[in-house]
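These notes are about the structure you will find just below.
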Amino acid sequence: MIQDTLNQIERRVAEAEAIKPEARQELADLVAKLRQEVAQLAETHGDDARSITGFAHISAHEATRDTRNPRLLQIALDGLNRSVAGFEQSHPKLVQVVNRICETLSGLGV
């Protein structure tokens, strides 16, 4: 399920015509890093790993919609940020990747 969700995020980013090539590559790289970090987290915190990927999927969806709703995007990004709360000490790379994803998605179309 987690891998399927990450695959969907990758497809969504790759197919979003409004994303500039540089941002598309950055997001692709970040999703690859997210895949690695979430796999490690899933070994001990499966539900949290699913929540993180779920919020990442929703955030990517909201950021790449044809008609963006800034309020929904912010709600999705807040959920993604909160989904990694508490992992700063045990999984700092995961938190860094999620923070960078949020920054990148938030900046799309600005």
Side-chain angles (χ1 to χ4, degrees):
M1 179 177 165
I2 291 173
Q3 297 305 318
D4 291 340
T5 303
L6 291 166
N7 291 340
Q8 291 173 1
I9 296 169
E10 288 172 334
R11 275 193 305 276
R12 179 122 192 138
V13 167
E15 294 172 0
E17 295 177 9
I19 300 177
K20 294 179 182 178
E22 306 83 36
R24 184 183 324 250
Q25 185 59 53
E26 180 178 7
L27 283 168
D29 293 344
L30 289 168
V31 172
K33 290 177 185 177
L34 180 63
R35 185 182 297 276
Q36 293 172 343
E37 296 301 321
V38 165
Q40 292 175 3
L41 182 68
E43 294 175 10
T44 56
H45 298 85
D47 285 339
D48 292 312
R50 283 185 286 284
S51 291
I52 292 165
T53 55
F55 278 112
H57 184 254
I58 293 166
S59 297
H61 169 77
E62 291 301 330
T64 59
R65 287 174 49 171
D66 290 337
T67 305
R68 287 179 52 187
N69 181 326
R71 186 172 91 41
L72 290 179
L73 175 58
Q74 190 57 54
I75 290 168
L77 292 172
D78 288 345
L80 179 55
N81 270 318
R82 290 182 181 156
S83 70
V84 295
F87 291 108
E88 293 88 356
Q89 296 298 315
S90 61
H91 295 83
K93 288 182 183 178
L94 172 64
V95 175
Q96 291 172 348
V97 168
V98 167
N99 287 339
R100 189 66 195 126
I101 289 171
C102 288
E103 291 170 8
T104 303
L105 290 175
S106 180
L108 293 179
V110 174

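The residues of the chain are indexed from 1 along the displayed sequence.
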Exercise. Taking atom CD of Glu26 and atom CG of Leu105, what is their separation to the nearest 0.5 Å?
Worked result: 9.5 Å
Exercise. Going by heavy atoms in the side chains, are Asp48 and Phe87 under 4.5 Å from each other?
Worked result: yes
Problem set entry | Check: Ser106 side chain, Glu103 main-chain N or O, donor-acceptor pair, under 3.5 Å | no
Exercise. Is Thr5 reaching over with its side chain to a backbone N or O of Gly54, donor-acceptor style, under 3.5 angstrom?
Worked result: no
Seminar exercise, completed: dist Cys102:SG -> Gln74:CD (nearest 0.5 Å) comes out at 8.5 Å
For this session: Determine, stepwise, if the pair Arg68 / Leu108 fulfils side-chain contact (heavy atoms from CB on, under 4.5 Å).
Result: CA-CA 10 Å; Arg68 287 179 52 187; Leu108 293 179; 3.9 Å; yes
Exercise. Is there a donor-acceptor contact under 3.5 Å from the side chain of Arg65 to the main chain of Thr67?
Worked result: yes
Exercise. Considering all heavy atoms of both residues, which atom of Ile2 and which atom of Val38 are nearest to each other, and what is their separation?
Worked result: CG2-CG1, 3.6 Å
Exercise. Nearest 0.5 Å, what's the OG1-NE2 distance between Thr64 and His61?
Worked result: 7.0 Å
For this session: Could you check His91 against Val95 for side-chain contact (heavy atoms from CB on, under 4.5 Å), going step by step and ending with a plain yes or no?
Result: CA-CA 7 Å; His91 295 83; Val95 175; 5.6 Å; no
For this session: Hey, could you give me the CG/CE distance between Leu6 and Met1, rounded to the nearest 0.5 Å?
Result: 11.0 Å
Exercise. If you look only at pairs with a residue in residues 29-42, which of them pass as a salt bridge (charged side-chain N to carboxylate O under 4.0 Å, His left out), with sequence neighbours excluded?
Worked result: Glu10-Arg35
Problem set entry | Leu27 side, atom CG; Lys20 side, atom NZ - distance, nearest 0.5 Å | 13.0 Å
For this session: Specify the closest pair of heavy atoms between Ala76 and Ser59, including all atoms of both residues, with the distance to one decimal.
Result: O-OG, 3.1 Å
Exercise. Nearest heavy-atom pair of Ile19 and Val13: which atoms, and what distance?
Worked result: CD1-O, 4.0 Å
For this session: Please report the closest heavy-atom contact between Gln8 and His57, naming both atoms and the distance.
Result: OE1-NE2, 3.2 Å
For this session: If a pair satisfies salt bridge (charged side-chain N to carboxylate O under 4.0 Å, His left out) and one of its residues is in residues 75-99, list it, with sequence neighbours excluded.
Result: none
Exercise. Hey, mind stepping through Leu80 and Ile58 against side-chain contact (heavy atoms from CB on, under 4.5 Å) and telling me if it holds?
Worked result: CA-CA 9 Å; Leu80 179 55; Ile58 293 166; over 6 Å; no
Exercise. Given the rule in the side-chain contact (heavy atoms from CB on, under 4.5 Å) test, do Leu34 and Ile52 qualify, once you have shown the distances and angles that lead to the verdict?
Worked result: CA-CA 9 Å; Leu34 180 63; Ile52 292 165; 4.2 Å; yes
